[in-house]
Amino acid sequence: MDDHSPRDDAPALAPTPTPRVYETPPKDRPITDAEAARAAQLAANEHIKIASGYLRGGLADGLLKHATGAISEDDGQLVKFHGMYMQDDRDLRPERTKKKLDKAYSFMIRLRIAGGVISPKQWLALDDIAVTYAGGALRATTRQTFQYHGVIKSNLKRTMAAIDAALLDTIAACGDVNRNVMAATNPAQVGAHKAAHRLAKDISDSLLPKTSAWREIWLDGERVVGGEEEEVEPVYGRTYLPRKFKIVVAVPPSNEVDIFAHDLGFIAILDKKNQVTGWNVTVGGGMGMTHGEPDTFPRTADVMGFVAPEDAIKVAEAVMTVQRDWGNRKNRKNARLKYTIERYGLDAFRAEVETRIGKTLGAPKPFTFTNNGDRFGWTEGDDGRHHLTLYIPSGRIKDYEDGPQFLTGLRKIAEVHEGDFRLTANQNVIIANVPGAKRAAIEALVDQYGITKGAGALRRNSIACVALPTCGLALAESERYLPSLMTELEESLATHGLAEEEITIRSTGCPNGCARPFIAEIGLVGRGPERYHLYLGAAFDGSRLGKLYKEDVAASDIRDTLDPLFADFAKGRKPGEHFGDYLIRAGHVARTVNGPDFHDRTGALKPAGHA
């Protein structure tokens, strides 16, 4: 775990940050929050949050404006806190522009499902919503939850009411808050995974925004008596967090939640009976960056310390509130916790967390991760229950013409299933807690509807973001492109005797990194139409970032770029050595230490074809 030790040049102690005057103006200077925010030259989003009345803004009125399918720009920022993004179908833009029509606006809605566990009854409700309002598709996301795409404005309140009726919600699934908390799902170690899910849910509940705006706007709930002034956010304040905040809980030896890619993580430390004795705490991970701006970069998290189970919630709140107070509110591109850790150093950050929880963190305990993927097919937990992990390409749960009937098949399974469903951080679905006597019935339905119980080695280690046509940030294709690329690469790997070699591959349409490409052994990041930056050399277990190997690679050239590297790997690897590790050892690409080093020593270090 050398990549996650404190930085050698980190200061032992950082100065106390300036008080948040825009949150609580001093009594001797009775200025408004908005005036203080302007004086502090805060980012535009901070002003929007301050003026929103705890996330209300003009959303209620905007929903009544039927002349357009859009909402105002400011409300487009606020609606993220309610779990949705306004989007449009970019495939339709040229034709609609020619006809002088408005863009084909719709909304992506993301649910908050801590730990990714839902009941069969909830699955059926979500299926019904998909068919009624979202084009007949559910999408399992890389945040271990569901998204709906294509919900038009006039159907938003109906959709949200149906989600509420299923005892679920979308609160804080997006925006500058703690988002959906992920947890290890593969249920072989039953006790440990129950503890992980329980911690994820407790953290999610503890750090949930307290504003009643969600119920008021979407469910026509009544305003708190006395209005805005009687409502408070005891943890977040009026301006919430500087940027999004992501928490995960992992159970070694599997790192399927990609713990080092997140702001805050808890790694289960197990005894000989696989019971949790405490948690190692990681801080400062994050994937997003901006092309051409080297002061933005992905970063893997540092292991900060060890906590007893009873202190985990306090630590989660303390880490988040230090980021609330120390994070950069002037430049959103440098506002994530990873940049706060870089500025102040891990030692100073840990000291502040310890001050807020009133005790010292323990030294990190030893742990080992072996992979960051899912285990497909049937597994049996140590309680005798059976679990079937299904491969869902890019998480898109729909019925494919002349292909798998994911939506219909999983609906039929939900109608007879007695256990639960679990989403994974790799966009797959687990039919969990199946009694032994029911296994054959589940198996028959899976076969009847052509649902895949696994895939080739490359595909089962793949992730893609949605990208085009709906994501407004996408520069290139991702979900629609990756399957065809994997077919090409599978042919190349087979040529070199590597058909069953486990290699992680991830694709995103832009550098925001939703599919976590920077910690994939093969990472593709959209640069423009049919062009990608190619990153190589990350660790198979998700503990090390890759390095930019080649810029602006045409989609048609990716196979030819990788093929000679596959050939070298087949000839020169050591037993058990993974592709990313080999590329570094053989001198093809530099090893990324962490953070700012991501942008140093980029490019191919020697020609491919020289093992």
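Values below: every heavy atom of this structure, side chains too, minus hydrogens, waters and symmetry copies. Heads up: numbering here begins at 1 and tracks the sequence.
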Start with the C-alpha gap between E551 and H291, add the side-chain angles, then the distance that decides, and say whether side-chain contact (heavy atoms from CB on, under 4.5 Å) holds. CA-CA 11 Å; E551 295 184 277; H291 285 315; over 6 Å; no
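- For the atom pair CG of L489 and CG of L458, the computed distance is 6.0 Å after rounding to the nearest 0.5 Å.
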Passes side-chain contact (heavy atoms from CB on, under 4.5 Å), F297 versus L545? Steps please. CA-CA 10 Å; F297 45 82; L545 294 169; over 6 Å; no
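- Within the 4.5 Å cutoff, no side-chain heavy atoms of Y549 are placed close to those of L583.
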Assess whether side-chain hydrogen bond (donor to acceptor under 3.5 Å, both in side chains) is satisfied between R459 and T487, documenting all intermediate values. CA-CA 9 Å; R459 291 178 195 266; T487 297; 2.6 Å; yes
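- Here the side chain of R601 pairs no donor or acceptor atom with the backbone of A590 at under 3.5 angstrom.
- For F598 and Y535, the ring centers sit closer than 6.0 Å to each other.
- Of all heavy-atom pairs spanning F260 and S543, the tightest one is CD1-CA, 3.6 Å.
- The shortest side-chain heavy-atom distance between N180 and T141 does not fall under the 4.5 Å cut-off.
- Residue T145 comes nearest to L111 through the heavy atom pair OG1-O, 2.6 Å, listed as atom of the first residue, atom of the second, then distance.
- Separating the CE atom in M486 from the CD atom in E488 is a distance of 11.5 Å, to the nearest 0.5 Å.
- Note that CG of N371 is 8.0 Å distant from CG of N255, once rounded to the nearest 0.5 Å.
- Under the 3.5 Å distance criterion, the side-chain polar atoms of T277 are left unmatched by any main-chain donor or acceptor of D271.
- For the pair R591 (side chain) and I584 (backbone), a donor-acceptor distance under 3.5 Å is absent.
- The distance from atom SG of C174 to atom CD of Q147, rounded to the nearest 0.5 Å, is 7.5 Å.
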Can you list, pair by pair, the side-chain donor-acceptor contacts under 3.5 Å of residues 492-508, counting residues two or more places apart and other chains?
from	atom 1	to	atom 2	distance (Å)
S492	OG	D563	OD1	2.5
T495	OG1	E491	O	2.9
H496	NE2	D563	OD1	3.1
E500	OE1	R460	NH2	3.4
E501	OE1	R573	NH1	2.5
E501	OE2	R573	NH1	3.4
E502	OE1	N461	ND2	2.5
E502	OE2	R460	NE	3.1
E502	OE2	R460	NH2	2.7
T504	OG1	E521	N	2.8
R506	NH1	D258	OD2	2.8
R506	NH1	R516	O	3.3
R506	NH2	D258	OD2	3.1
S507	OG	S478	OG	3.0
T508	OG1	C510	O	2.8

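- A side-chain donor-acceptor contact under 3.5 Å links R110 to the backbone of A173.
- Residues L534 and L562 have side chains in contact (heavy-atom distance under 4.5 Å, counting atoms from C-beta outward).
- The side chain to side chain contact (heavy atoms under 4.5 Å, CB included) search around R585 returns K574, E577, Y582, not counting sequence neighbours.
- Of the inter-residue distances, the one linking D541 atom CG with E256 atom CD reads 12.5 Å to the nearest 0.5 angstrom.
- Pairing each heavy atom of A467 with each of A476, the nearest pair is CB-O, 3.5 Å.
- In this structure, K606 does not pair ionically with D568, as no charged nitrogen and carboxylate oxygen lie closer than 4.0 Å.
- For F569 and F579, the ring centers sit closer than 6.0 Å to each other.
- For R531 and D557, the salt-bridge test fails: no basic side-chain N is under 4.0 Å from an acidic carboxylate O.
- D263 pairs in a side chain to side chain donor-acceptor pair (under 3.5 Å) with only one of the listed residues (R243, K338, R336), which is R336.
- The closest side-chain heavy-atom distance from R396 to H149 is below 4.5 Å.
- Between the side chain of Y532 and the backbone N or O of E477, at least one donor-acceptor pair lies under 3.5 Å.
- Taking each heavy atom of W279 and A312 in turn, the nearest pair found is CD1-CB, 4.1 Å.
- A side-chain donor-acceptor contact under 3.5 Å links R90 to the backbone of C471.
- Put simply, the side chain of Q144 gets close to the backbone of L423: a donor and an acceptor are under 3.5 Å apart.
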Under the side-chain hydrogen bond (donor to acceptor under 3.5 Å, both in side chains) rule, what do N426 and T424 come out as? Steps first, then yes or no, please. CA-CA 5 Å; N426 292 304; T424 80; 4.8 Å; no
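- Contact record, C465 with A515: N-CB, 3.7 Å, taken as the closest heavy-atom pair.
- Note: K398 NZ to F406 CZ = 10.5 Å, rounded to the nearest 0.5 Å.
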In sequence, state the C-alpha distance, the side-chain angles, and the governing distance for L536 and I522, and then conclude on side-chain contact (heavy atoms from CB on, under 4.5 Å). CA-CA 5 Å; L536 301 174; I522 301 172; 4.1 Å; yes
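- N331 places a side-chain N or O within 3.5 Å of a backbone atom of K333 that can act as its donor or acceptor partner.
- Side chains of L468 and Y481 form no contact here, defined as non-hydrogen atoms less than 4.5 Å apart.
- Residues F349 and W326 approach most closely at CA-CZ3, 4.2 Å, considering heavy atoms.
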Verdict with reasoning, R112 to S204, per side-chain hydrogen bond (donor to acceptor under 3.5 Å, both in side chains): CA-CA 9 Å; R112 181 176 64 96; S204 179; 3.0 Å; yes
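- For the residue pair Q323/T340, the side-chain donor-acceptor check at 3.5 Å is satisfied.
- A donor-acceptor pair under 3.5 Å is absent between the side-chain atoms of T602 and the main chain of L548, judged by distance alone.
- Using modelled atom types and a 3.5 Å distance limit, the side chains of N428 and D374 yield a donor-acceptor pair.
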Run the salt bridge (Lys or Arg N to Asp or Glu O under 4.0 Å) check on R324 and D176 step by step: do they pass? CA-CA 10 Å; R324 177 198 66 191; D176 299 344; over 6 Å; no
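- The side-chain heavy atoms of V276 and L199, taken from C-beta on, include no pair separated by under 4.5 Å.
- N334 places no side-chain N or O within donor-acceptor distance of the main-chain N or O of Y339, the cut-off being under 3.5 Å.
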Pair I519, M287 - check side-chain contact (heavy atoms from CB on, under 4.5 Å), show working. CA-CA 8 Å; I519 50 174; M287 289 289 97; 4.0 Å; yes
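- Counting heavy atoms from C-beta on, the side chains of Y391 and P404 never come closer than 4.5 Å.
- Ring to ring, F146 and Y148 are not that close: their centroids are 6.0 angstrom or more apart.
- When side chains are defined from C-beta on, T368 does not count as touching P253, because their heavy atoms never get closer than 4.5 Å.
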